[in-house]
Amino acid sequence: QVQLVESGGGLVQAGGSLRLSCAASGRPFSRYDMGWFRQAPGKEREYVGDITWSGGRTDYADSVKGRFTISRDNAKNTVYLQMNSLKPEDTAVYYCGAGQIVTGTTFNTNYWGQGTQVTVSS
């Protein structure tokens, strides 16, 4: 079992920045690729991006490419999502997931966090 806890969400104005954290406990964190996802009201959960277990490679959805950056610190069992140039359409509950990158931007999630709300005002 892996337990994931997201933090860092909040209310920010358009154009602003937030950094989300996802702290892991349980099975060795470094065994897992990590993904970030989001779900807006009335919409399905969507892929935001992912990072390999080593941190050597990241991939992103086209909607956030160039604005969001994923990183991880395996010594701290934590993965981060730095979000810059935020837009109102980025408003959603953001989730981290532990699992495996299947190919490109396809991610197989074994464990989910509880989510953290990000609201971007115009």
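Computed from a predicted model, the values in this text were never measured in an experiment.
Distance check: Leu81 CG to Phe68 CZ gives 6.0 Å after rounding to the nearest 0.5 Å. Summarising the geometry, atom CZ belonging to Arg27 is positioned 14.5 Å from atom CG belonging to Asn77; distances are rounded to the nearest 0.5 Å.
Between Tyr95 and Gln39 there is a side-chain heavy-atom pair separated by less than 4.5 Å. Within the 4.5 Å cutoff, side-chain heavy atoms of Gln82 are placed close to those of Ser17.
For the pair Asn110 (side chain) and Tyr32 (backbone), a donor-acceptor distance under 3.5 Å is absent. Counting only distance, with no hydrogens or angles, the side chain of Tyr60 and the backbone of Ile70 share a donor-acceptor pair below 3.5 Å.
For the residue pair Leu20 and Trp36, the shortest heavy atom distance occurs at CB-CH2, 3.7 Å. Taking each heavy atom of Ala98 and Leu4 in turn, the nearest pair found is N-CD1, 3.7 Å.
Note on Tyr94 and Tyr111: same hydrophobic cluster, where clusters join Ile, Leu, Val, Met, Phe, Trp and Tyr whose side-chain heavy atoms are under 4.5 Å apart, directly or indirectly. Linking ILVMFWY residues whenever their side-chain heavy atoms come closer than 4.5 Å, directly or via other members, places Met83 and Val12 in the same cluster. Hydrophobic clustering (side-chain heavy atoms under 4.5 Å, transitive across Ile, Leu, Val, Met, Phe, Trp, Tyr) keeps Tyr80 apart from Met34.
The neighbour count for Trp112 CH2, taken as heavy atoms of other residues, nucleotides or ligands under 6.0 Å away, is above 12.
Contacts of Lys43 classified as salt bridge (Lys or Arg N to Asp or Glu O under 4.0 Å), with partners at least two apart in sequence or in another chain: none. Phe107 is linked by a ring-ring contact (aromatic ring centres under 6.0 Å, His included) to Phe37, counting only residues two or more places apart in sequence or in another chain. Listed by chain and number, the residues in a side chain to side chain donor-acceptor pair (under 3.5 Å) with Tyr47 are Asp50 (sequence neighbours excluded). A search for side chain to side chain donor-acceptor pair (under 3.5 Å) contacts involving Arg45 returns nothing, not counting sequence neighbours. Taking Ser25 as the reference, Gln3 meet the side chain to side chain donor-acceptor pair (under 3.5 Å) condition, with sequence neighbours excluded.
Screening residues 7-19 for salt bridge (Lys or Arg N to Asp or Glu O under 4.0 Å), with sequence neighbours left out, gives no hits. Applying the disulfide (SG to SG under 2.5 Å) test to residues at least two apart or on different chains, none of the pairs has a partner in residues 57-93. Within the structure, the disulfide (SG to SG under 2.5 Å) test picks out the following pairs touching residues 12-121 (sequence neighbours left out): Cys22-Cys96. Evaluation of the salt bridge (Lys or Arg N to Asp or Glu O under 4.0 Å) test over residues 103-122, restricted to residues two or more places apart or in two chains, returns none. A salt bridge (Lys or Arg N to Asp or Glu O under 4.0 Å) check over residues 68-89, counting only residues at least two apart or in different chains, returns nothing. Within the structure, salt bridge (Lys or Arg N to Asp or Glu O under 4.0 Å) contacts touching residues 90-119 (residues at least two apart or in different chains) are Arg38-Asp90, Arg67-Asp90.
A donor atom on one side chain and an acceptor atom on the other are not found under 3.5 Å apart for Asp33 and Gln100.
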Sequence neighbours excluded and cut-off under 3.5 Å, please list the side-chain donor-acceptor pairs for residues 114-122, or say none.
from, atom 1, to, atom 2, distance (Å)
Gln114, NE2, Glu6, O, 3.3
Thr116, OG1, Gly9, N, 3.2
Gln117, NE2, Ala92, O, 3.4
Gln117, NE2, Thr119, OG1, 3.3

